[in-house]
Amino acid sequence: MITVDSPIKFNKKSLPDETLLAIYKELIKPRMIEEKMLILLRQGKITKWFSGIGQEASSVGAALALSPDEFILPMHRNLGTFTVRGIPLAKLFAQFQGKKSGFTKGRDRSFHFGTQEYKIVGMISHLGPQMGVADGIALGHLLKREKKVTLVYTGDGGSSEGDFHESVNVAAVWDLPVIFAIENNGYGLSTPSSEQFRCKQFIDKAIGYGIEAHQIDGNNVLEVYNTVKILAESIRKNPRPILLECITFRMRGHEEASGTKYVDPKLFEEWGKKDPISNYEKFLLEENILTEQIITEYKDEIKKEMEEGIEIAFGERNIVADTEEEYKDVFAPTLKGEGDHLLPLGLGKSMRLIDAISDGLRLAMRKHPNLVLMGQDIAEYGGVFKITDGFVKEFGKDRVRNTPLCESAILGAGLGLSINGMKAMVEMQFADFVSEGMTQICNNIAKAHWRWGQAADVVVRMPTGAGAAAGPFHSQSNEAWFFHIPGLKIVYPAFPADAKGLLLAAFEDPNPVMFFEHKSLYRSITQDVPEDYYTIPIGKAKVFSPALKGENATADVSIITYGMGVHWAIDVVKKLEQQAVSPFRVGAEIIDLRSLAPLDTETIFESVKKTGKAIILHEDTLTGGIGGEISALITENCFDHLDAPVMREGSLDTPVPFTETLEANFLPKQRFEKKLIELLKY
Ligand SMILES: Cc1ncc(C[n+]2csc(CCOP(=O)(O)OP(=O)(O)O)c2C)c(N)n1
C-alpha cells in the first residue's frame, strides 16, 4: 500500500483566500452529512451506508476543479461530488430514503442515480461499467467539437474488472477527453491491493495503454484541485485520456455492516494523522485564512441546511406503489411522430435482406446527423458482412467507427453518447459475442430509463443464427437472453422490406432496441423494397396464409414464429398442401412476430381463437425459449378456444454443432413438420 505525507503538505499557489475558504466549506460538508447518516443508521432510520470518510478530498477537489457543465461519474464513496454540484439536500436525502421525490422514485438506492441537471451519472452496482459510459459522453463532446472533459471514478478493486481495461483502451485509441480517477485506498471490500493486482501502482498501468498518468496525494484537497484544474485545461485544448491515481484511505469498513476487522488497526492510526479535513483546517488556521468563528459559521450553516433537508425527506410520505407507473417508466415515451407508421411512397427495388438493412442504415444516418455507428471492422472494411460498405466515404470516420475488441466498453459508450444527446448503433460482429457486453445491455442500458429517466437511444445489431456450419460460437440464437430483461425492445425481421422499415423505426425510438438479423437470410432472400424512407411499427406482427385458396377457405392452425422460422413454416405448409396430407387440409395462419418485445399478443390471440390450434416454432433451443412464454400466454388467454394442446418446436437442447449433418439435425425444421401433422391430426 502506498502512503502519503503526514502531516499533509499544502501549497496554496496563487489561490485567493476566498477560494481556499470555499474549498474548506465544501470539504467539511460531506463529512458532516456522513456523520449524521451514521447516527441515523444506528437509530435504524436508514438501512445501509457506504462511507467515504477519509476520502473527501478527491471528490471535492475534482468537482470544484471542473466546470459545472462537465460530466462526473462518481462511485459509492463520492458524496462530495453530489454536494459540490449543489444538489438540494432534501432531494438527496429523499433519494437515500427511497422517497418519491428522490432521483429514482424509490427504485434504486443511495448514489445509484444520474441527473442531467447536475451533470452527474451515478454508478450501477457493477462498478466498472461506469468507465465505458464516460467514454461515450466524452466521444459526444469530441464529435460536437465541445471542449469539455469527463471525469470518471473507479477504485483499486473496480480497476481489476475487464471494463477498466476496455474503457481505458478505447479512450486511448480514440483520444477521448476523459480523466480516469482511481481512488487507490488499498482495499476492495476486504481484499488488500496485494491480492488485487501485481503492479506497484496504477500509474504503471497507463504505460501499457500508451496514455499519460499522474499520481497525487488524494487526501490533499489543494493538490487534487490544482492537478485536476491543470489537467482539465490541457485536455480541453488537446483531447486525450489521462489516468489520475489518488492515493487515499477508507477510514471505515467497506459498508457499515461489514466492519473493519480485516484492516490492520495501525493503518487507521497512521491514516488518521493524514485526515484530509483536519490537516487542511490546521493549514488554513496557521495561515490565518480560517478562524474558529468562520468554522462555527460554516458548520452552523451546513447543519441548518442538513436538518431542513432531513425534515423534508423524512416528512415525505412513503411511496404508494402504482403498477401502471412502474410499467410506464420502463420505456421512454416516443416523441410525437416517432411511433407513427410512415408508409413508403416510392417504388420498390429488388433487395436482399442485407441490402435492405444497409439501405435502412444509410437512410438513418442521413436522417439523424447525431447518429454514430460503432463496431469491429465496420469502417473502410465495411463490416464482415459488408453492410456498412461505402459508409465511411459518405459519412466520415467520426460517425462510422472501427472499434477495438471491447464490446462492453463500446456498449457503455453507446449509453454515454445517448446521455450526451447523441444516437448510437453498435454492431456485434456476431450475435454470439454479445455475451461480452451483457452487463452493459441488461443492467445499464435496459434499466437507465426506469432508474433515473435517462433514455438509452442505442440500437444493437445482432447478426444471428445457424445454417452456415459455423459451429457453437458463430451460430447461436440468443434473443431469449434479452426477452427476459425489462427495458429492451427486440426486433427480428424475416423479410427485407420489414427489416428496413423496422430498422428505421428502431432509430426513431429513443429506447434500446436489439435488432436481430439472420445471417443465412442475408443473401438468400430477395424482395421488392421501397427505396424511400419509411418505418414499420415495432411490436406489430404480420399474419398471412400461404396455402389457403378460395374465398371461403379458413385456417385451422396458427403457426407463431419469427426469423428463419417463418421461412421454414412457409416451406412446410406449402409442402403439406401440395402433398394434400389427406384427410387434413393444411390451412395455416402464419404469424410472423417481427418484434419479440413488445410482443403482439393481440394478433396471436385473435388468430388462435379463430383456428383453435397453435404451434410455436423458433430456431432457438427449445427449453427456456420464447415459445414457452407464448405457449403459456395462449393457454392462459385462449383456453376455451383451444382444440388441442399448444405445441412448440425448437432446436435441440445442445450447443449449435459445426458439421452440416449435425447442424441440420440440431435445427427444428424436420421435427416441426412432424409436430405440425401431429397437431393437425389431434
Ligand atoms: C461486478 C461486481 N463484483 C463485485 C461487487 C461487490 N463489491 C462492491 S464494492 C466492492 C469493492 C470495490 O473496491 P474498490 O473498487 O477498490 O472501491 P472501494 O470500495 O475501495 O472504494 C466489491 C467487491 C460488485 N458490486 N460488482
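All ligand and atom numbering here is 1-based and tracks the order in the structure.
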Exercise for review: In sequence, state the C-alpha distance, the side-chain angles, and the governing distance for F111 and F96, and then conclude on ring pair (Phe, Tyr, Trp, His ring centres under 6.0 Å).
Suggested key: CA-CA 8 Å; F111 301 115; F96 296 162; 5.4 Å; yes

Exercise for review: Kindly assign one of parallel, tilted or perpendicular to the pair F283 and Y280, based on the angle between their ring planes and the thresholds 30° and 60°.
Suggested key: parallel

**Study point:** Side-chain donor-acceptor contact under 3.5 Å, N78 with E183
**Key:** yes

Exercise for review: Mark up the atoms of ligand 1 that fall under 4.0 Å of a heavy atom belonging to H76, in ascending order.
Suggested key: 17 (O), 18 (P), 19 (O), 21 (O)

Point to revise | Option of least heavy-atom distance to atom 21 (O) of ligand 1 (set: Q196, R250, R77) | key: R77

Review point. Which residue supplies the protein heavy atom nearest to atom 26 (N) of ligand 1, what is that atom called, and how far is it?
Key: S125 O, 3.4 Å

Practice item. Check the pair E70, R236 against salt bridge (Lys or Arg N to Asp or Glu O under 4.0 Å), reporting the backbone distance first and the verdict last. Key: CA-CA 11 Å; E70 289 175 319; R236 284 180 205 119; 2.8 Å; yes

Practice item. Provide the number and element of each atom of ligand 1 under 4.0 Å from a heavy atom of N185. Key: 18 (P), 20 (O), 21 (O)

Exercise for review: Please report which non-hydrogen protein atom sits nearest to atom 13 (O) of ligand 1, along with the residue it belongs to and the distance in Å to one decimal place.
Suggested key: G188 CA, 3.3 Å

Point to revise | Check: F82 ring centroid to Y118 ring centroid under 6.0 Å | key: no

Review point. Does atom 6 (C) of ligand 1 have a protein heavy-atom neighbour under 4.0 Å away?
Key: no

Review point. If only atom types and distance count, is the side chain of S51 paired as donor or acceptor with the main-chain N or O of H254 below 3.5 Å?
Key: no

Practice item. Flag Q55 as yes when one of its N or O atoms lies below 3.5 Å from any N or O atom of ligand 1, and as no otherwise. Key: no

Check your understanding: When you measure from atom 14 (P) of ligand 1 to every protein heavy atom, which one gives the shortest distance, and what is it?
Key -> G157 N, 3.4 Å

Review point. Protein heavy atom under 4.0 angstrom of atom 18 (P) of ligand 1, is there one?
Key: yes

Review point. Which protein non-hydrogen atom lies closest to atom 15 (O) of ligand 1, naming both residue and atom, and how far is it?
Key: G158 N, 2.7 Å

Point to revise | Heavy-atom nearest option to atom 8 (C) of ligand 1, drawn from M123, H254, E161, H126 | key: H254

Exercise for review: Specify the protein heavy atom at minimum distance from atom 12 (C) of ligand 1: its residue, its atom name, and the distance to 0.1 Å.
Suggested key: L127 CD1, 4.0 Å

Check your understanding: For atom 22 (C) of ligand 1, which protein heavy atom lies nearest, and how many Å away is it?
Key -> L189 CD1, 4.2 Å

Review point. Based purely on interatomic distance, does S159 place a nitrogen or oxygen under 3.5 Å from a nitrogen or oxygen of ligand 1?
Key: no

Review point. Does some non-hydrogen atom of the protein lie less than 4.0 angstrom from atom 10 (C) of ligand 1?
Key: yes

Practice item. Would you sort out whether F202 and F197 count as a ring pair (Phe, Tyr, Trp, His ring centres under 6.0 Å), showing the intermediate values? Key: CA-CA 9 Å; F202 277 94; F197 50 85; 4.8 Å; yes

**Study point:** Under 3.5 Å donor-acceptor, Q130 side chain and Y153 backbone
**Key:** no

Point to revise | Ring geometry between F516 and F482 (parallel below 30°, tilted from 30 to 60°, perpendicular above 60°) | key: tilted

Check your understanding: Short N/O distance, under 3.5 Å, between Y187 and ligand 1?
Key -> yes

Exercise for review: Check the pair R77 / R252 against side chain to side chain contact (heavy atoms under 4.5 Å, CB included), numbers first and verdict last.
Suggested key: CA-CA 11 Å; R77 305 197 195 284; R252 300 193 66 85; over 6 Å; no

